[in-house]
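A quick write-up on the structure given underneath.
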Amino acid sequence: MMAEAGLLGAIIGGSGVYALGDGECDERVVATAYGEVTLYLGRGASAGIVFLPRHGREHSVPPHRVNYRANLKALASLGVQRVLATAAVGALNERVAPGRLVLVDQFIDLTKGRPQTFYEGGASGVAHVDVTEPYCPSLRAALAAAAHRRGLACVEGATYACTEGPRFETAAEVRLLAAWGADVVGMTGIPEAPLARELGLCYASVAIPMNWGAGLVDHRLDLSQSARYLEEGTRAAVQICLDVLRAGGVAPCACGTSLFVLHPPAGEGR
Ligand code: HPA
């Protein structure tokens with residue numbers, strides 16, 4: 001596939017994000033080795049920005065069924081270099097209380113059996129990717145600056161625990177995650193972040209705490225209150241993602257040089 005001219009980057013929208021800004025866009029279906037992906041190429045004020053609603057525009061795909069490999073491959077095949085994601089999460093401590101935006105800088109992976117790599121051996125090669133610093137520090141700094149300019153409450157640096165879902169956690173699981181040093185818990189950050197890194201893309205995620213982790217405040221999650229945090233948080237998160245992609249000028253980083261290839265994919269030679 002030919003790279004798109006004038007691309008600024010992509011926004012992967014999580015729960016609550018089903019369109020960009022004014023919603024003006026062209027739909028594009030991209031075929032990949034992992035399946036087809038429907039993307040939206042922004043027009044007007046969002047020109048140059050690709051939008052990918054992670055759960056589909058009608059939220060019909062649950063976290064464990066998202067085709068993460070196809071999504072990332074489709075973005076890369078268009079020539080996207082910068083990917084900003086939003087992710088609804090549960091808060092595990094006061095520092096990341098609902099109502100703030102959280103720019104995550106580490107993850108703990110508790111998913112089960114999701115395909116995590118493009119390098120499956122044989123013809124697709126073998127490689128290991130460095131995720132010491134799993135999110136692009138330059139994009140994260142740009143997002144923090146954008147939030148600051150807009151006067152938004154934003155926490156820079158937090159550990160994201162990714163569970164398999166689709167169920168929420170038990171109170172005991174939340175206590176464990178907090179004791180392990182996780183700040184927020186969600187269901188979609190993995191394998192999105194490491195797959196982006198395998199492709200050498202710059203990837204950052206804006207987490208939106210929409211509830212307290214199970215058992216932290218009451219014996220049940222307060223889901224009606226959560227809808228308000230999600231709505232307000234997603235609006236703010238999309239705004240800073242658009243600001244960063246439109247402004248460009250993000251500092252150089254090492255995201256493109258993190259892959260240790262032991263056996264190249266067929267056709268790429270040794
Ligand atoms: N746990 C896991 N994923 C989530 C939560 C949660 O409490 N809230 C939003 N996504």
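Indexing begins at 1, ligand by ligand and atom by atom, following the structure's order.
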Run T38 and E27 through side-chain hydrogen bond (donor to acceptor under 3.5 Å, both in side chains) and show every step you take.
CA-CA 7 Å; T38 303; E27 186 174 308; 4.9 Å; no
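Remark: ligand 1 and E169 share an N or O pair separated by less than 3.5 Å (distance only, no angle test). Not a single N or O atom of W212, backbone or side chain, sits closer than 3.5 Å to an N or O atom of ligand 1.
For the pair K73 and Y34, the cation-pi test (distance below 6.0 Å, angle within 45°) is failed. Y40 carries R57 over the face of its six-membered ring, with the cationic atom under 6.0 Å from the centre and within 45° of the normal.
Between G213 and ligand 1 there is no heavy-atom distance shorter than 4.0 Å.
Here the straight-line distance linking atom CD of E164 with atom CG of L110 works out to 10.0 Å at 0.5 Å rounding.
Considering only non-hydrogen protein atoms, atom 8 (N) of ligand 1 sits nearest to N211 OD1, 2.7 Å.
Each of the atoms 1 (N), 2 (C), 3 (N), 4 (C), 5 (C), 6 (C) of ligand 1 lies under 4.0 Å from some heavy atom of V185. Atom numbering of ligand 1 starts at 1 in the shown order; those under 4.0 Å from a heavy atom of G186 are 2 (C), 3 (N).
Listed here is the closest heavy atom pair of L143 and A204: CD1-CB, 3.9 Å.
Only the backbone of V89 comes within contact range of ligand 1, with a heavy atom under 4.0 Å; no side-chain atom does.
Distances from atom 10 (N) of ligand 1 to the heavy atoms of G189, S226, P166, A88 show the closest one on A88.
D109 and Q116 share a side-chain donor-acceptor pair at under 3.5 Å.
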